[in-house]
Amino acid sequence: MKMTTALATIAAATLTAGIASAGTMADVQARGKLNCGVTGGQAGFSAPDASGAWHGMDVDYCRAVAAAVLKDPNAVTFVPTTGQTRFTALASGEIDILSRTTTWTFSRDVDLKFTFAGVNYYDGQAFMVPKSLGAKSAKDLNGATVCIQTGTTTELNLAEYFRKNNMKYDPVPVENNGDVQQKYLAGACDVITSDGSDLASTRSSFKDPQDHIILPEVISKEPLGPLVRQGDDQWADVARWTLNALLAAEELDITSENVEKLSAGTDNPEINRLLGKEDKLGEMLGLDPAWAKRAIAAVGNYGEIFARNVGDKTPIGLARGQNALWTQGGLMYPLPFR
């Protein structure tokens with residue numbers, strides 16, 4: 001019921017935002033700031049540090065867009081949203097882009113009138129429990145109390161999984177990740193269910209992360225990515241091709257350290273096109289030739305972003321897995337710059 005009510009509210013908001021959605025890039029440039037919707041705090045994806053500076057994969061994506069469009073990666077206002085408020089914030093025009101570990105689904109794309117720029121993290125829903133619970137599998141969770149964020153695909157996936165397996169559970173609905181952690185650590189629920197990356201992020205913040213395990217089952221597909229309002233093809237193109245520029249940079253061995261040198265020209269035509277030395281790709285987007293160069297210089301290529309924020313040398317400790325380039329056995333396949 002909560003999901004249905006939320007969807008109805010968002011659908012109504014989209015009807016009033018159609019006209020406003022056209023010309024987003026002009027609005028952003030006139031304002032001199034990109035308004036980016038993020039989580040209130042998910043380590044590795046979007047969270048402020050003690051000084052208030054934002055960090056994470058989704059944060060870096062917005063900085064890349066700001067660098068491309070405004071020539072300043074710091075010209076971003078990060079707007080915290082919850083699972084319940086994120087779509088209304090985008091539909092109403094409060095934010096220009098939503099970069100908040102959001103799953104690309106049929107209804108969000110078609111019914112809610114959003115356009116996804118692509119996938120920046122392939123994920124799936126999983127379960128985390130205290131070791132002391134003794135569970136080795138999700139099939140051991142019959143009768144458990146489960147903390148779950150409202151307004152997410154996670155709610156429906158959980159209900160379907162337990163129904164298919166003839167299991168029962170007692171849901172403990174919460175609005176944001178901080179509340180999930182608090183209730184779980186206080187013993188108000190036995191289990192947290194969310195995207196696997198979110199569980200790894202949550203566990204890394206615990207005092208004794210080794211006392212909690214992520215069970216092996218992955219019960220859904222969760223292609224996460226940034227999205228914009230429908231009805232503004234230019235802005236959607238900027239969002240989509242900025243993401244592709246970061247992916248292509250990794251494939252082409254362009255990094256934040258060598259991008260300046262490579263932008264002078266190489267014997268690789270695709271590098272030259274991406275970095276503005278050949279053709280007029282920036283002009284096609286309504287940007288200058290160095291748009292992608294600035295994005296890469298600001299945050300690095302996709303591999304650099306992943307390693308810095310969530311990689312195996314961070315407290316979150318995620319392996320590339322499905323998020324490796326297609327040439328390395330993963331699903332990340334940048335579109336050609338031609």
Side-chain angles (χ1 to χ4, degrees), residues 24-25 28-29 34 36 45 56-76 96-99 104 115-122 223-228 232-266 268-309 320 323-328 330-338:
T24 303
M25 186 162 76
V28 170
Q29 290 174 326
L34 173 71
C36 175
F45 289 88
M57 290 190 67
D58 290 334
V59 167
D60 282 347
Y61 169 75
C62 284
R63 293 198 191 282
V65 173
V69 174
L70 298 172
K71 303 182 181 181
D72 180 2
N74 296 313
V76 186
D96 306 305
I97 194 164
L98 179 63
S99 184
W104 189 348
T115 295
F116 281 78
V119 177
N120 72 342
Y121 195 93
Y122 287 96
L224 310 177
L227 56 154
V228 298
D232 189 344
D233 288 344
Q234 182 188 34
W235 186 239
D237 285 342
V238 169
R240 178 178 302 109
W241 287 99
T242 300
L243 176 57
N244 270 280
L246 303 176
L247 290 166
E250 182 179 12
E251 184 178 71
L252 295 167
D253 293 323
I254 305 170
T255 70
S256 55
E257 294 184 356
N258 67 18
V259 64
E260 185 66 38
K261 178 180 179 180
L262 293 176
S263 66
T266 74
N268 186 322
E270 187 159 21
I271 291 178
N272 295 341
R273 287 192 293 269
L274 176 61
L275 299 183
K277 190 66 176 178
E278 295 180 12
D279 292 350
K280 298 181 179 180
L281 302 188
E283 183 178 315
M284 297 177 194
L285 284 172
L287 299 172
D288 67 296
W291 66 279
K293 170 189 170 182
R294 288 193 300 271
I296 298 163
V299 298
N301 63 39
Y302 179 81
E304 290 178 276
I305 293 169
F306 190 102
R308 179 172 62 246
N309 291 297
R320 284 293 293 268
N323 296 293
L325 291 176
W326 66 287
T327 53
Q328 299 167 5
L331 299 176
M332 289 299 181
Y333 188 103
L335 305 177
F337 283 80
R338 180 174 294 279

Engineer: Are Phe45 and Ser99 side-chain neighbours, meaning at least one heavy-atom pair lies under 4.5 Å?
Structural biologist: no
Engineer: Please enumerate all residues that pass side chain to side chain donor-acceptor pair (under 3.5 Å) together with Asp60, with sequence neighbours excluded.
Structural biologist: Arg308, Asn309
Engineer: For Ala239, enumerate each residue passing the side-chain contact (heavy atoms from CB on, under 4.5 Å) test, keeping only those at least two apart in sequence or located in another chain.
Structural biologist: Tyr61, Ile97, Ala117, Val228
Engineer: Provide the closest heavy-atom pair for Ile305 versus Gly300 in the form atom of the first, atom of the second, distance.
Structural biologist: CD1-O, 3.8 Å
Engineer: Would you say Gln234 and Asp237 make side-chain contact, with heavy atoms under 4.5 Å?
Structural biologist: no
Engineer: Spell out, as yes or no, whether a donor-acceptor pair under 3.5 Å connects the side chain of Asp58 to the backbone of Asn120.
Structural biologist: no
Engineer: List the residues meeting side-chain contact (heavy atoms from CB on, under 4.5 Å) with Val28, not counting sequence neighbours, and say none if there are none.
Structural biologist: Thr24, Arg31, Leu34, Val69, Leu70, Asp96, Trp235
Engineer: Working note: Leu275 + Ile296, criterion side chain to side chain contact (heavy atoms under 4.5 Å, CB included); need CA distance, chi angles, decisive distance, verdict.
Structural biologist: CA-CA 9 Å; Leu275 299 183; Ile296 298 163; 4.1 Å; yes
Engineer: Closest approach of Ala236 and Thr115, non-hydrogen atoms and distance?
Structural biologist: CB-CG2, 4.0 Å
Engineer: Quick test of your reading: applying salt bridge (Lys or Arg N to Asp or Glu O under 4.0 Å), list the pairs with at least one residue in residues 254-265, sequence neighbours left out, ordered by first then second residue.
Structural biologist: Glu260-Lys293
Engineer: Distance-only, no hydrogens or angles: does the Asn323 side chain make a donor-acceptor pair with backbone N or O of Tyr122 under 3.5 Å?
Structural biologist: yes
Engineer: Going by side-chain contact (heavy atoms from CB on, under 4.5 Å), name the residues that satisfy it together with Ala324, two or more places apart in sequence or in a different chain.
Structural biologist: Arg320, Gln328
Engineer: Identify, with sequence neighbours excluded, every residue that meets ring pair (Phe, Tyr, Trp, His ring centres under 6.0 Å) alongside Phe337.
Structural biologist: Trp241
Engineer: Got a sec, which residues hit side chain to side chain donor-acceptor pair (under 3.5 Å) with Glu278, two or more places apart in sequence or on another chain?
Structural biologist: Asn272
Engineer: Using the side chain to side chain donor-acceptor pair (under 3.5 Å) criterion, which residues pair with Asp72? Sequence neighbours excluded.
Structural biologist: none
Engineer: Restricting to non-hydrogen atoms, name the atom on Tyr121 and the atom on Met57 that form the minimum distance, rounded to 0.1 Å.
Structural biologist: CD1-SD, 4.3 Å
Engineer: Go through the steps for Thr242 and Trp291 under the test side chain to side chain contact (heavy atoms under 4.5 Å, CB included), then give the verdict.
Structural biologist: CA-CA 9 Å; Thr242 300; Trp291 66 279; 4.0 Å; yes
Engineer: The criterion is side-chain contact (heavy atoms from CB on, under 4.5 Å); which residues satisfy it with Pro73, sequence neighbours excluded?
Structural biologist: Arg63, Ala67, Ala298
Engineer: Side-chain contact, heavy-atom cut-off 4.5 Å: Leu287 with Met25?
Structural biologist: yes
Engineer: Where is the tightest heavy-atom contact between Leu247 and Leu325, given as atom of each residue plus distance?
Structural biologist: O-CD2, 4.1 Å
Engineer: Could you work out, with side chain to side chain donor-acceptor pair (under 3.5 Å) as the rule, every residue matching Asn268, not counting sequence neighbours?
Structural biologist: none
Engineer: Could you tell me the separation between the OG1 atom of Thr266 and the CD1 atom of Ile254, rounded to the nearest 0.5 Å?
Structural biologist: 8.0 Å
Engineer: Which heavy atom of Leu246 sits nearest a heavy atom of Ala295, and at what distance?
Structural biologist: CD2-O, 4.2 Å
Engineer: Please list all pairs meeting side-chain hydrogen bond (donor to acceptor under 3.5 Å, both in side chains) that have one or both residues in residues 294-305, counting only residues at least two apart or in different chains.
Structural biologist: Ser256-Glu304, Asp288-Arg294
Engineer: Can you see which heavy atom on Pro334 is nearest to which on Glu251, and at what distance?
Structural biologist: CG-OE1, 3.6 Å
